[in-house]
Amino acid sequence: MSYDHKIIEQKWQDYWDEHKSFKVVENPDKPKYYVLDMFPYPSGAGLHVGHPLGYVATDIVARYKRMKGFNVLHPMGWDAFGLPAEQYAIKTGTHPRKTTKTNIDNFRRQIKMLGFSYDWDREINTTDTGYVKWTQWIFLQLYNKGLAYEAEKPVNWCPELKAVLANEEVVDGKSEIGGHPVHRVPMRQWMLRITDYAESLLAGLQEVDWPNSVKELQRNWIGRSEGADVDFNVVGRDEVITVFTTRPDTLYGATYMVLAPEHPFVEYFTSAEQKGSVKKYQKEAGRKSDLERGELNKEKSGIFTGTYAINPVNGAEIPIWIADYVLMSYGTGAIMAVPGQDQRDWDFANKFDLPIIRTVQHPEGFDGEAYMGEGPAINSEFLNGLNITDAKSKMITWLEEKHKGKGTIRYKLRDWLFSRQRYWGEPIPIIHYDDGIKPLHEDELPLELPDVEKFEPIGTGESPLANIKEWVEVKNDDGKVIGLRETNTMPQWAGSCWYYLRYIDPQNIKKAWDENKESYWMPVDLYVGGAEHAVLHLLYARFWHHVLFDLGYVSTKEPFQKLFNQGMILGEDGSKMSKSRGNVINPDDVVNNFGADSMRLYEMFMGPLDKSKPWHTKGLKGCFRFINKLWDKVCSCDGLNDCIDADKANSETIKLLHQTIRKVGDDVENMRFNTAISQMMIFTNHLIKLKTINIEVLKTFVQLLGPFIPHVAEEIWQRLGQDQSITYEPWPNFDENIAKEDLINIAIQVNGKLRANIEVVLNADKEAILMKARDIEKIKLYLSRGNVIKEIYVPGRLVNFVVN
RNA sequence: GCCGCGGUGGUGGAAUUGGUAGACACGCCAGAUUUAGGAUCUGGUGCCCAUCGGGUGUGAAGGUUCGACUCCUUUCCGCGGCACCA
């Protein structure tokens, strides 16, 4: 145990900094490779060992690709707007800018100590005015394209945080941060029309190399449904109620209709005698949170309006009810209820004693209630006997011919609530005038945050900016107030929606990015981050990118070609690392005791990158021991050991080396770092047994180690007499012929059970092997017990005698 | 309830297209070294019975196959997401 990781790691990190070893510029002569980490929010707690897991992986890929001759873009930055700094400001009066700087400095220190090969000249910070300017600029592009609008929306108001939260920030009716109760309150908000891009976002998923699970998650989130809008006339009224259904084939089974309590027609349709109870019901439903309307309350409730609609297909008069199981925010806010084929409608019909007509023949023995399965149409006149798919399209044709409805596609995806009533975010560059709103002009950007004394939102729910009169008021030359600035700010997602584009050209003050640089570097070839961003960040960023693509600002439709989600590192007790459990492992301690190389190596050796697995300091020690074993074998106190010489290496060593080059390269390409490391351990175990090690063999092996344990690799590389960093050494080649085994083991089975092993030369022919196998005493015995009815030979693998 | 992913020794995990299950590492056992501890080195280590040797084994139960961790059916358990979306 003689290797001093502290000295070596400091030495090489200083070297890389001084030489700017990882700085990149566009180079048309080299193929590019853009490998990106999801940038962190610099929290006050600093990193725990789980955070850099993905960064280790991308660093290995980045270093490997450099050696493979790629021009590698590998940047890092900070997603630094956000609630924690603001809440800290509310509590202590410390300006978020100050907190943010302190936290970033600590994060940068921790990330740098792990020896990552980032181009630090490209570091970005979403809160820098030079960055905010372009976030606001993109907002203007969205606004000018008609994709940003104001709306009075029932929003998630959290009195405790004094802030409106996005749906995504509300979990089980409580705020994601802090777990405070959330109520529905209408408020003026900025919205982004992401729904216009539903189809585009869905289609784009087909072109990217992403985990199936993430694609599925996004598909579910977008929630595309094909169906039909059907128009129902109302008895004694002029209004027409349109419903959306995915089952137009069941129209003959529609025995009643339900409107959402908020449906605008409710007040017109309610009969005089029902007015009182309908009003009461609407009021109750309005008060309920989504949680209460949803999962807490599966028991159906509702009330009859006293009015009837006419089923367009058969003229039947069906009662119109209102019920809170119908949501105003999806479809048309009205449904035709088909209790025979929908369990929710069945439950409702059952409770309120409404008629049920089955329109799909259920199989014999079906004992459920509503039948949702496949079957021929019944009780449906011209559809009878058709399967569901055919019945649907025939009904849609009928509706369209009679002008009673049309085929429609709906999405679950809602528009994106884009404003926050907070201080610490990008100001929305809009001014409200008497005669309407106007965006700022591009050259008026950035619109900077004013300094404030108090960071609390004001009691009305408006952001603290509303209190800064001199900022809010826009005056003309005479000093007259002619307009008021928007006081809402953007959500934290805004900065992360396009940071990968800013890395391409981070210092540009004239443009968000240069288009030539953009077309050189984009798309991101590999994007690694946590699965928790599977939907929101990755959907929002794709949305912006699609818009920018349509506007001609970017050259690829999809921003992230390959996505990989790293797993979590759990505490030693197998549960999630958290302060409250006291099982947090601090990377500062790990690096201090064992060094960055050991930590990197262990995190990759633990198991497949995408799986969650518990940390074991014992396992880390195993990796530390591996590095030490290698070090002790090859290094003396300031040079190399005498066992390193120029004598020809034996063929076994050469063969194993070539196998190792093949395996490590292949595994890195496929993100299987654990098995790559295991192969390098096998090779090291072999080297240690040798009396002498050929210097060329060692050089090649150190090149393989470079991406994984860069500090030790650089140090040995230098001691081998190299005066350049190992960073741009070409990745070693292997020779398939040398890597091939020439003596192979053949398993001899009888009836599929292993009974013996023989060793043969690589290209031994079948008959020779079978002869040899039959000749083994043990095999003879087994074969003599019956007749051999089949002899199977799998080349290079095994022989199986089938005996009856 | 629906969608997605997973279940292999005491532990983390290996295992091209179905072809010798348990690579590599941790832990454990024995030995060496050491005043002792730690560190290091050597050997062993799925489970059961045993002297050679044999049986058994990838959550469970079936099936296909000469042969299944791998393919099919049913089922149990764990994790993640969605959840009255018509």
Side-chain angles (χ1 to χ4, degrees), chain A residues 1 211-221 223-225 227 243-247 250 254 258 260 290 293-295 297-300 323-327 329-338 341-345 347-348 410-414 531-532 534-535 565 567-568 570 572 574 601-602 605-608 610-623 625-626 628-629 632 666 672 674-682 684-685 688 745-757 778 788-804:
Chain A
M1 288 289 173
N212 193 37
S213 59
V214 177
K215 288 193 194 182
E216 269 316 295
L217 241 44
Q218 294 214 351
R219 285 192 190 110
N220 291 342
W221 192 264
R224 184 182 198 272
S225 294
V243 304
F244 174 66
T245 177
T246 54
R247 295 292 302 274
T250 64
V258 186
D290 276 359
R293 256 175 93 151
E295 77 199 76
N297 192 14
K298 296 286 186 192
E299 182 71 16
K300 296 281 181 290
D324 64 7
Y325 83 93
V326 174
L327 309 173
S329 51
Y330 182 74
T332 62
I335 63 155
M336 62 178 217
V338 187
Q341 266 72 234
D342 186 296
Q343 188 60 40
R344 295 157 301 182
D345 296 344
D347 293 341
F348 192 84
R410 301 261 177 199
Y411 303 90
K412 275 200 276 186
L413 185 69
R414 310 288 155 81
E532 66 273 19
V535 177
N565 293 129
M568 253 189 310
L570 307 171
E572 299 233 21
L601 197 66
Y602 175 56
F605 184 62
M606 290 172 82
D610 56 349
K611 298 282 181 317
S612 292
K613 54 249 156 184
W615 178 273
H616 287 296
T617 298
K618 289 257 172 65
L620 167 73
K621 279 186 183 164
C623 290
R625 202 173 295 155
F626 159 74
N628 273 289
K629 278 198 288 193
D632 289 347
D666 194 46
R672 294 189 301 246
N674 55 332
T675 49
I677 293 167
S678 132
Q679 182 65 33
M680 295 192 290
M681 287 175 169
I682 291 170
T684 301
N685 290 342
I688 283 169
N745 202 300
I746 301 286
I748 312 299
Q749 299 182 339
V750 179
N751 287 338
K753 285 197 203 296
L754 179 70
R755 296 301 178 188
N757 276 289
K778 213 163 120 190
V788 177
I789 51 173
K790 210 169 177 183
E791 293 169 339
I792 292 147
Y793 172 61
V794 182
R797 291 280 182 183
L798 56 74
V799 170
N800 189 12
F801 295 105
V802 185
V803 178
N804 64 3

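It should be emphasised that the depicted structure is a prediction, and the values quoted were computed from it without experimental measurement. Below, chain A is the first sequence line, B the second, and so on; all start at residue 1.
- With hydrogens and angles ignored, the 3.5 Å screen pairs a side-chain donor or acceptor of A/Lys613 with a backbone N or O of A/Pro608.
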Inset, instruction - Could you encode protein contacts along nucleotides 9-22 of chain B as a string, one character per nucleotide from 5' to 3', using B for base contact, S for sugar-phosphate-only contact and - for no contact, with a heavy-atom cut-off of under 4.0 Å? - result: --SBSS-B--BB--
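- Atom C1' of nucleotide B/U42 and atom CD1 of A/Ile688 are separated by 14 Å, given to the nearest angstrom.
- Residues A/Tyr325 and A/Ile335 approach most closely at OH-CD1, 3.8 Å, considering heavy atoms.
- For the atom pair CZ of A/Arg625 and CG of A/Leu620, the computed distance is 10.5 Å after rounding to the nearest 0.5 Å.
- As judged by a 4.0 angstrom heavy-atom cut-off over every strand, A/Arg755 is placed among residues touching the sugar-phosphate backbone only.
- Atom CG of A/Asn751 is separated from atom C1' of B/A68 by 16 Å (rounded to the nearest Å).
- Comparing B/G81, B/C84, B/A86 by their nearest atom to the side chain of A/Thr246 picks out B/A86.
- B/U64 is unpaired under the criterion used here, namely a Watson-Crick or G-U wobble arrangement in which both key atom distances are under 3.5 Å.
- Protein atom CD of A/Glu216 is 14 Å distant from nucleotide atom C1' of B/G80, rounded to whole Å.
- With rounding to the nearest 0.5 angstrom, the OH atom of A/Tyr602 is 7.5 Å from the OG1 atom of A/Thr617.
- A/Asp342 contributes atom CG, which lies 8.5 Å from atom OG1 of A/Thr250 (distance to the nearest 0.5 angstrom).
- Nucleotide B/A83 holds its C1' atom 11 Å from the CH2 atom of A/Trp221, rounded to whole Å.
- To the nearest 0.5 Å, the span separating SG on A/Cys623 from CE on A/Met606 amounts to 9.5 Å.
- Looking at heavy-atom distances under 4.0 Å, A/Gly223 makes no contact with the nucleic acid at all.
- Of all nucleotides present, only B/G27 satisfies the Watson-Crick or G-U wobble test against B/U45, with each distance under 3.5 Å.
- Shortest non-hydrogen contact noted between A/Ala337 and A/Asp345 is CA-OD2, 3.3 Å.
- Pairing for B/U40 goes to B/A32, judged as Watson-Crick or G-U wobble with the two contacts each under 3.5 Å.
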Inset, instruction - Assess whether side chain to side chain contact (heavy atoms under 4.5 Å, CB included) is satisfied between A/Val802 and A/Asn751, documenting all intermediate values. - result: CA-CA 5 Å; A/Val802 185; A/Asn751 287 338; 3.8 Å; yes
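- Interface residues of residues 329-338 of chain A facing RNA chain B, ordered by number: A/Tyr330, A/Ile335; criterion, heavy-atom separation under 4.0 Å.
- The separation of B/C71 from B/G4, taken at their P atoms, amounts to 16 Å, rounded to a whole angstrom.
- Using a 4.0 Å heavy-atom distance criterion, A/Lys629 is classed as a sugar-phosphate-only contact.
- Base pairing annotation: B/U70 forms no Watson-Crick or G-U wobble pair, as no partner gives both donor-acceptor distances under 3.5 Å.
- The backbone N or O of A/Ala534 lies less than 3.5 Å from a partner atom in the side chain of A/Gln218, making a donor-acceptor pair.
- The separation between A/Glu532 atom CD and B/G4 atom C1' is 17 Å, rounded to whole Å.
- When the side-chain nitrogen and oxygen atoms of A/Asn685 are compared with OP1 and OP2 of B/A25, one or more of them lie within a distance under 4.0 Å.
- In this structure B/C2 sits in a base pair with B/G81, meeting the Watson-Crick or G-U test at under 3.5 Å.
- Comparing the C1' positions of B/G67 and B/C41 gives a spacing of 42 Å, expressed to the nearest Å.
- Comparing A/Val802 and A/Lys412 by the nucleotide of RNA chain B that holds the closest heavy atom to each, the one mapping nearer the 5' end is A/Val802.
- The CZ atom of A/Arg410 sits 11.5 Å away from atom OG1 of A/Thr245, with the distance rounded to the nearest 0.5 Å.
- Counting any heavy atom pair closer than 4.0 Å across all strands shown, A/Lys753 reaches sugar-phosphate atoms only and no base atom.
- Atom CG of A/Asn212 and atom C1' of B/G6 are 14 Å apart (whole Å).
- If you check B/G9 for Watson-Crick or wobble pairing at under 3.5 angstrom, you find it has no partner at all.
- How far CD1 of A/Ile792 is from CZ of A/Phe801: 10.5 Å, rounded to the nearest 0.5 Å.
- The phosphate of B/U40 (OP1 or OP2) has a side-chain N or O of A/Arg625 nearer than 4.0 angstrom.
- Rounded to whole Å, the separation between the P atoms of B/A21 and B/C29 comes to 30 Å.
- As a whole-Å value, the separation of A/Trp615 CH2 from B/C26 P is 15 Å.
- Whole-Å rounding puts the A/Asn628 CG to B/A39 P distance at 13 Å.
- With both pairing distances under 3.5 Å, B/A14 is matched to nothing as a Watson-Crick or G-U wobble pair.
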